[in-house]
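To start, the structure itself, in structure tokens.
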Amino acid sequence: MERVKVKSYATVANLVCGFDILGMALNEPYDLMEVQLLNEPKVVLHNKDQFGLPEDPENNVAGVVLLSVLESMKHKIGFDVEIQKQIKPGSGLGSSAASAAGAAVAANLLLGNIFSKEDLVRFAMNGEKLASGVKHADNITPCIYGGVSLIRSIFPLDIVSIPAPDLFVTVVHPQIEVKTSDARQILRKQILLKDAIRQWGNIAGLVTGFLKKDFDLISRSLEDVIIEPVRSILIPGFDEVKRKCKEAGVLGGGISGSGPSVFMLSRDRLAASEAENVMKDVYTRIGIGYNTYVTTINQKGVEMVKDGQ
Ligand code: HSE
């Protein structure tokens with residue numbers, strides 16, 4: 001195979017209480033990437049979207065990932081990449097992770113699957129380091145594995161896939177940009193033990209709720225007493241959206257990754273659609289442009305697509 005096209009999906013990092021350790025893949029939105037093998041050691045990038053991201057490989061998320069793949073290889077090969085992003089950078093929906101994970105998976109397909117999924121997460125983390133200054137894996141991992149992922153540890157890498165029930169996910173992306181690096185900068189470096197205890201209870205409760213399909217437990221555990229109180233001030237309308245979506249019947253939700261997108265989980269499509277109406281009403285009234293998605297959990301991770309798809 002000399003050329004491959006992949007779909008790389010949006011992801012929701014943190015899943016409210018699991019800062020940097022939990023993430024989930026979505027079926028929408030997604031990026032498309034087409035990667036071709038070259039017979040000289042270089043990476044050539046072409047952006048086919050309106051986001052104006054750098055095409056210099058050392059300053060591009062997909063570029064640094066592919067350069068790290070090349071560094072690990074003996075053979076003198078290279079990659080030519082066309083990227084058609086649909087996940088807006090700075091949305092909190094894992095845009096950089098989709099580029100990083102898509103590039104790593106596409107390269108591996110072209111190389112005959114010589115790398116494990118864990119290897120691909122390691123390569124893709126170089127892209128996150130470029131994008132946010134930190135090697136976090138809570139977007140990349142679900143993007144590559146699909147479903148819900150627990151990243152118990154990054155060094156050494158310890159990934160656990162969590163079987164989650166089929167849930168609907170409603171997302172609103174208010175059209176303001178929050179840089180992950182800025183949203184990390186404002187966080188407190190120290191937390192109170194009582195807050196840590198509450199957060200541990202929620203993380204354990206959320207994972208157990210997913211495993212046991214205990215929707216009340218999932219709902220109770222979608223609470224973040226550490227990060228959300230700080231970051232939510234960056235997102236106009238956040239408290240109102242959350243409160244009204246709960247009243248509309250969602251299980252719960254919060255900030256998607258570092259924001260500004262906000263997501264809600266629901267058991268049925270009706271509650272998910274009600275949540276979308278709430279989100280639209282709030283941002284129309286506030287006067288901030290927005291995109292919404294009503295989607296489901298993606299179970300496959302980055303996947304190959306046929307031409308024309
Ligand atoms: N866990 C990261 C953060 C995800 O919240 O900063 C960024 O998408």
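Counting starts at 1 for both ligands and their atoms, following the listed order.
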Just to confirm my output: which protein heavy-atom neighbour is closest to [atom], and how far is it?
atom: atom 3 (C) of ligand 1; result: Arg184 NH1, 3.3 Å
atom: atom 1 (N) of ligand 1; result: Asp20 OD1, 2.5 Å
atom: atom 8 (O) of ligand 1; result: Asn139 OD1, 2.9 Å
atom: atom 7 (C) of ligand 1; result: His136 CE1, 3.6 Å

Salt bridge flag under 4.0 Å for residues [X] and [Y]:
X: Lys85; Y: Asp49; value: no
X: Arg243; Y: Glu240; value: no
X: Lys242; Y: Glu228; value: yes

Report the residues that fulfil side-chain contact (heavy atoms from CB on, under 4.5 Å) with Ser153, sequence neighbours left out, ordered by chain and then residue number. Pro156, Asp158
What are the atoms of ligand 1, with element, lying closer than 4.0 Å to any heavy atom of [X]?
X: Phe19; result: 3 (C), 5 (O), 6 (O)
X: Asn14; result: 1 (N), 2 (C), 3 (C), 5 (O)
X: Ala13; result: 4 (C)

Just heavy atoms, cut-off under 4.0 Å: does Arg231 contact ligand 1 by side chain, backbone, both, or neither? side chain
Checking heavy atoms under 4.0 Å, the part of Thr180 that sits near ligand 1 is side chain
Assess the side chains of Gln175 and Tyr283: does a donor N or O sit below 3.5 Å from an acceptor N or O? no
Name all residues meeting the side-chain hydrogen bond (donor to acceptor under 3.5 Å, both in side chains) criterion together with Asn14; count only those two or more places apart in sequence or in a different chain, and write none if there are none.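 Testing Asn14 for side-chain hydrogen bond (donor to acceptor under 3.5 Å, both in side chains), a comparison that skips the adjacent residues, returns none.
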Leu120 and its side-chain contact (heavy atoms from CB on, under 4.5 Å) partner, picked from Thr141, Asn108, Ile140, Val69: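 With Leu120 as partner, Thr141, Asn108, Ile140, Val69 yield a single side-chain contact (heavy atoms from CB on, under 4.5 Å), made by Asn108.
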